[in-house]
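Just so we're clear, the structure is a prediction, and the values are computed from it rather than from any experiment. What's counted below: heavy atoms across the whole structure, side chains too, no hydrogens, waters or symmetry copies.
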Amino acid sequence: TVTRGNIFPAQSAPARSWYTPAMIEVQTSGAKPADLTLTNIIFNDAGKHEGTIFAQAISDDGTGTSDTSRNTDYVQDAIIASNATVPSTITLGDGTVLRSFGGESAVRVTNCAQLVMKSGSVIEDDQAVITTRGSDADNKDAAKGPAGAVWLQGGSFTMEAGAKIRNINGRAVYVDGGEAQIGGTISEITGNANMWQSKVKDGTSGSAIHLRVNASATLTSTAVIKDISGGGSAIYVTGEGSRITTDPKSIITDVTNTQGIHCASNSSAQLSGEITKVKNSVALSLNDGAAALLEKEGSIHNNTCATAVVYLRAGAQLTIYGKINDNTSTGNCAALYIVTNGNSSHAILETGGEICNNSNGGSKYGAAVEVQQGDCSFPMNGGKVVGNSGPLGAIQVHKGSARFIMNGGEVTGNTSTTDGEAGVYIENGTPTAELNAGKAQSVTLVKNVSSRMDEGHVYISDHFDLESGL
């Protein structure tokens, strides 16, 4: 075991002048790579840090205009760090443990550097030592605070099956540009609002994985994200070009009072894995132009929430080929909630997709789908909305100019908990329901729905199968 001492000296480099160093630095000069492989060794930061500023030290861009004179005021960037400018690899092999990072991260890789965690390698906190992290970080500046156990800035990270990041206070993986392939287990992560990019608006964003600045991450078939808590989100994706992909058999589970995946600001998600056992929060939240595709293998199931397990707002888009089944809500809607908040949001159910056996235990809104307001829409080109239970309609078109367009599939076998209607429920204002093809158990129009064709309308094609009438 190598343990950080109480006092560690500053180090100098051309770009950073004098600064607080990592325990190990893997750097390059010219075209020669520099690789490091560790096995059967423990590096313990013991939660210690030199300096008081939790942020990235200042680097000279070559113009001489950057002030690097106070870089020793900044905490160390990692236990192991590499800013390699040619492809170079840090490999954490079997028996390697990085414990209780005290600075910005346990491992930082930038530029052309790569980090590989092999089976049997671990990054963790000693919870007797780390009870919080970055408590003296600036509590107003989102650009200050610890980054995460693994910190990428343009580098790459491969976490193989059998590798573990566990018992971390704050954040497991922070990708500020770069690419991560996650095949191991990230578990027992407690969100901490002192972390970098967690102060303004985002809360404890991305306690397991945080993606920004054209960053991408893939949960491979062996990936497990579990036991995440502390509020905010387990996975956070922001910015155009940033993307989360979950492969079949990957799983996000046992997430408490914390969103499963939160996508914002034109980011995207392609989901073929499972999201399950999210408790008291949203399983998938799409915001501000974010778009997601739930593939045919993808499944969002057995989650509990207050307002729908899938939430779309402010121009979000969702296409469903997979399943949103067996979820429960204490209010509003159990499965899919579509709202505006600036720009209208849209979800599409395609052939093979399912929104089934969801239960809204509240006193209002749809059991399975709530098309809330504005010009929000829910086209249904196929698939099933079956076996859902809630107050008013399996699909509710609530108000404004919200639209439900049915080109195929079925809305059948749903039940009302208020002895009301359980099929398609059109409630208020100037909504549109176009029933071109498919089958529905019932369609209900409330009396305050406009009857003028130019202010929304209901159209039922002679190709449509309406079980119990209008």
Side-chain angles (χ1 to χ4, degrees), residues 283 294 300-305 307-312 318 320 322-339 345-373 376-399 402-428 431-446 449 458 460 464-470:
L294 184 64
I300 300 173
H301 67 94
N302 296 102
N303 302 284
T304 61
C305 62
T307 305
V309 296
V310 180
Y311 193 100
L312 278 65
L318 174 65
I320 305 164
K323 297 175 174 60
I324 307 174
N325 291 349
D326 301 298
N327 302 286
T328 60
S329 169
T330 57
N332 292 348
C333 178
L336 180 58
Y337 198 76
I338 308 168
V339 301
S345 300
H346 309 280
I348 303 172
L349 184 63
E350 299 286 3
T351 299
E354 294 183 6
I355 304 176
C356 296
N357 303 319
N358 301 284
S359 176
N360 174 6
S363 60
K364 59 181 181 178
Y365 300 146
V369 180
E370 176 71 15
V371 192
Q372 181 48 213
Q373 75 251 112
C376 291
S377 71
F378 178 59
M380 187 171 169
N381 295 325
K384 297 180 179 180
V385 179
V386 173
N388 301 283
S389 173
L392 293 171
I395 299 171
Q396 184 179 118
V397 188
H398 183 55
K399 63 183 179 182
R403 292 173 295 148
F404 171 56
I405 300 143
M406 193 167 181
N407 300 315
E410 61 176 294
V411 181
T412 60
N414 303 285
T415 58
S416 171
T417 56
T418 60
D419 295 323
E421 294 299 329
V424 178
Y425 190 86
I426 303 165
E427 186 171 30
N428 189 17
T432 296
E434 294 183 5
L435 308 179
N436 300 308
K439 181 179 181 180
Q441 64 194 85
S442 64
V443 177
T444 302
L445 280 74
V446 179
V449 174
V458 175
I460 302 176
F464 191 80
D465 183 356
L466 188 57
E467 286 186 335
S468 62
L470 182 65

*Asks:* First locate atom CG of N360, then atom OG1 of T328, and finally report the distance between them rounded to the nearest 0.5 Å.
*Replies:*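 The CG atom of N360 sits 10.0 Å away from the OG1 atom of T328.
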*Asks:* Ignoring hydrogens and angles, tell me if any N or O in the side chain of Q441 forms a donor-acceptor pair with the backbone of G413 under 3.5 Å.
*Replies:* yes
*Asks:* A433 and I426: which non-hydrogen atoms are nearest, and at how many Å?
*Replies:* CB-CD1, 3.4 Å
*Asks:* I want to check something: taking the side chain as every heavy atom from C-beta on, are E434 and M406 in contact at a cut-off of under 4.5 Å?
*Replies:*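 No, too far: nothing below the 4.5 Å cut-off.
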*Asks:* Determine yes or no for a side-chain-to-main-chain donor-acceptor pair under 3.5 angstrom, with N436 supplying the side chain and F464 the backbone.
*Replies:*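 Here the side-chain-to-backbone pair does not exist.
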*Asks:* Step by step, would you call L349 with L336 a side chain to side chain contact (heavy atoms under 4.5 Å, CB included)?
*Replies:* CA-CA 11 Å; L349 184 63; L336 180 58; over 6 Å; no
*Asks:* Once rounded to the nearest 0.5 Å, what's the spacing between atom CG of N358 and atom CG of N327?
*Replies:*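 One finds 5.0 Å between CG of N358 and CG of N327.
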*Asks:* T432 vs V397, test: side chain to side chain contact (heavy atoms under 4.5 Å, CB included). Steps then yes/no.
*Replies:* CA-CA 8 Å; T432 296; V397 188; over 6 Å; no
*Asks:* Does the pair H398 and Q373 meet the rule for a side chain to side chain contact (heavy atoms under 4.5 Å, CB included), with working shown?
*Replies:* CA-CA 6 Å; H398 183 55; Q373 75 251 112; 5.8 Å; no
*Asks:* M380 and I405: side chain to side chain contact (heavy atoms under 4.5 Å, CB included), yes or no, with the steps?
*Replies:* CA-CA 6 Å; M380 187 171 169; I405 300 143; over 6 Å; no
*Asks:* Check A335 against I355 and note the closest heavy-atom contact, atom names and distance.
*Replies:* CB-CG2, 3.6 Å
*Asks:* Would you say K399 and Q372 make side-chain contact, with heavy atoms under 4.5 Å?
*Replies:* yes
*Asks:* Kindly compute the distance separating SG (C376) from NE2 (H346), expressed to the nearest 0.5 Å.
*Replies:* 6.5 Å
*Asks:* Just jot down the ring-ring contact (aromatic ring centres under 6.0 Å, His included) partners of F378, sequence neighbours excluded, or say none.
*Replies:* F404
*Asks:* Between N357 and N325, is a side chain to side chain donor-acceptor pair (under 3.5 Å) present by the stated rule, with each step listed?
*Replies:* CA-CA 6 Å; N357 303 319; N325 291 349; 5.9 Å; no
*Asks:* Okay, side chain of S416, backbone of T418: is any donor-acceptor separation there less than 3.5 Å?
*Replies:*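 Checked: pair present.
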*Asks:* Verify whether one side chain among N414 and N388 offers a donor that lies under 3.5 Å from an acceptor in the other.
*Replies:* yes
*Asks:* Once rounded to the nearest 0.5 Å, what's the spacing between atom OH of Y311 and atom CG of L318?
*Replies:*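 Interatomic distance, Y311 OH to L318 CG, rounded to 0.5 Å: 14.5 Å.
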*Asks:* Answer yes or no: is there a side-chain heavy-atom contact under 4.5 Å between S329 and C305?
*Replies:*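 Contact flag for S329/C305 side chains = yes.
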*Asks:* Could you state the interatomic distance from CD1 (I348) to CG (L294), rounded to the nearest 0.5 Å?
*Replies:* 13.0 Å
*Asks:* What heavy-atom pair brings S359 and A334 nearest, and what distance separates the two atoms?
*Replies:* O-CB, 3.4 Å
*Asks:* I'd like to know if the side chain of S345 reaches the main chain of V339, judged simply by a donor and an acceptor atom lying under 3.5 Å from each other, with no hydrogens or angles considered.
*Replies:* yes
*Asks:* What closest approach, in Å, do A368 and V385 show between heavy atoms, and which atom pair accounts for it?
*Replies:* CB-CG1, 3.9 Å
*Asks:* What is the minimum heavy-atom distance between Y365 and P391, and which atoms define it?
*Replies:* O-CD, 3.5 Å
*Asks:* Enter the distance from N381:CG to E350:CD here, rounded to the nearest 0.5 Å.
*Replies:* 4.5 Å
*Asks:* Within a strict 4.5 Å, meaning less than it, do heavy atoms of the K364 and N332 side chains meet?
*Replies:* yes
*Asks:* In the structure I gave you, are the side-chain heavy atoms of T444 and V424 within less than 4.5 Å of one another anywhere?
*Replies:*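 They are not in side-chain contact.
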